[in-house]
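Atom set for the values below is all heavy atoms of this structure, side chains included, hydrogens, waters and symmetry mates excluded.
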Amino acid sequence: MMPRSPSISLRSTLAENIRAFRKSHGISQEELADMCELHRTYIGSIEREERNVTLSTLEVLAESLGVSVTELLTTRTNSDN
């Protein structure tokens, strides 16, 4: 059985939302990484849609950004920005 890959659109939504929430809080990738106890390059790779994050990482990111996991995975409209 072949391993499954998440849809590109879901990774794209996650990347866009992390970037948008991070910028709305005025924090850098490095600052977010420190808050999450992750490496700064890992945050960049998530934002470039290169990583499939685990559920526990989603929880840490959401908590650090003050949003829900659902908000990280939901496509935002322009009025949400």
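If you take OG on Ser45 and CD on Gln29, they are separated by 9.0 Å, rounding to the nearest 0.5 Å. Atom SG of Cys36 sits about 8.0 Å away from atom CD1 of Ile46, to the nearest 0.5 Å. His25 contributes atom NE2, which lies 9.5 Å from atom OG of Ser64 (distance to the nearest 0.5 angstrom).
The pair Glu47-Arg19 meets the salt-bridge criterion, with a side-chain N (NZ, NE, NH1 or NH2) lying under 4.0 Å from an Asp/Glu carboxylate O.
Using a 4.5 Å cut-off on side-chain heavy atoms (C-beta onward), Arg76 and Phe21 make contact. Taking the side chain as every heavy atom from C-beta outward, Leu72 and Leu65 approach each other to under 4.5 Å. Side chains of Thr75 and Asn17 form no contact here, defined as non-hydrogen atoms less than 4.5 Å apart. At least one side-chain heavy atom of Leu10 sits under 4.5 Å from a side-chain heavy atom of Leu73. Side-chain atoms of Asn52 and Arg11, non-hydrogen and from C-beta on, do get closer than 4.5 Å to each other.
Among all heavy-atom pairs drawn from Ile18 and Leu32, the shortest one is CG2-CD2, 4.0 Å. Here the closest non-hydrogen pair linking Thr41 and His39 is OG1-ND1, 2.8 Å.
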I would like to know whether Leu61 and Val67 meet side-chain contact (heavy atoms from CB on, under 4.5 Å); could you show each step before the answer? CA-CA 9 Å; Leu61 287 164; Val67 299; over 6 Å; no

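Checked by atom type and distance alone, the side chain of Arg22 pairs as donor or acceptor with a backbone atom of Ile27 at under 3.5 Å. Listed for the Glu63 side chain is no donor-acceptor partner under 3.5 Å among the backbone atoms of Val60.
Residues Thr57 and Thr54 bring a donor and an acceptor atom of their side chains to less than 3.5 Å of each other.
The local environment of CD in Glu71 is crowded, with over 12 non-hydrogen atoms from other residues, nucleotides or ligands closer than 6.0 Å.
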